[in-house]
Structure formats: structure tokens, C-alpha cells
Amino acid sequence: VLSIQAALALAQQLAHPLSLTMALRWAAVLHHLRREAVQTRAHAEASMTITTDRGFPQQVAVAMPLRGWALAASG
């Protein structure tokens, strides 16, 4: 978890949208694998917001199933 936090911090510092959305997506994957729905949803939605705003449709498509799992897992 410390490594993903470092990756998120670096991506935010760089202010590079694609790097940030990739870091957010991998954070969502990590939390999904740990079955942490709240964190998975937060990171997936943050990634989807950036990718939608910046026009990265493939990245939106990758984050959507993570968000869907988190919603289903949360009831």
C-alpha cells in the first residue's frame, strides 16, 4: 500500500493526467484484490473523472468494471 501511495503522490506532483489516471486505476486494482470496496470505488471514480474530462475512452473502459464491482460489493 505504501508503494501505491507513493505512486499516487508522484503522479499528482507531476500533474500529468495520464500518469495520474494510471496510478488511480492501479490503486483501484490493488484495493479490489484486497476486497476493499470503498477504496476501489473512490480510486476508480477519480480515474474515470480524469479520463472522461481528458478524452481517454480506453481508460474509462478499464475503470468502469472496477467501479461496478465496488458498487455491487457495497450492496
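For the numbers below, each heavy atom of this structure counts, side chains included, while hydrogens, waters and symmetry mates do not.
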Donor-acceptor pairs under 3.5 Å, side chain of residues 49-58 to any protein atom, not counting sequence neighbours: which ones?
from  : atom 1 : to    : atom 2 : distance (Å)
Thr49 : OG1    : Glu45 : O      : 2.9
Thr51 : OG1    : Ser47 : O      : 3.0
Thr51 : OG1    : Met48 : O      : 3.1
Thr52 : OG1    : Met48 : O      : 2.7

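- Across all their heavy atoms, Thr40 and His31 have their closest contact at OG1-C, 3.1 Å.
- The hydrophobic cluster containing Leu8 does not contain Leu33, counting ILVMFWY residues as joined when their side-chain heavy atoms lie under 4.5 angstrom apart, directly or transitively.
- Within the hydrophobic cluster formed by Ile, Leu, Val, Met, Phe, Trp and Tyr side chains joined at under 4.5 Å, directly or through other members, Leu71 stands alone, with no partner residue.
- Screening residues 17-27 for salt bridge (Lys or Arg N to Asp or Glu O under 4.0 Å), with sequence neighbours left out, gives no hits.
- Note on Leu24 and Val60: separate hydrophobic clusters, where clusters join Ile, Leu, Val, Met, Phe, Trp and Tyr whose side-chain heavy atoms are under 4.5 Å apart, directly or indirectly.
- Between Ala61 and Pro65 the shortest heavy-atom distance is O-CD, 3.1 Å.
- Taking each heavy atom of Ala23 and Ile4 in turn, the nearest pair found is O-CD1, 3.9 Å.
- Interatomic distance, Leu20 CG to Leu14 CG, rounded to the nearest 0.5 Å: 9.5 Å.
- When the shell of 6.0 Å around CH2 of Trp69 is examined, it contains more than 12 heavy atoms from other residues, nucleotides or ligands.
- The shortest heavy-atom contact between Ala37 and Ser74 is CB-OG, 3.6 Å.
- The distance from atom CD of Glu36 to atom CZ of Arg41, rounded to the nearest 0.5 Å, is 16.0 Å.
- In this structure, Leu18 and Gln59 approach most closely via the heavy-atom pair CD1-CG, 4.1 Å.
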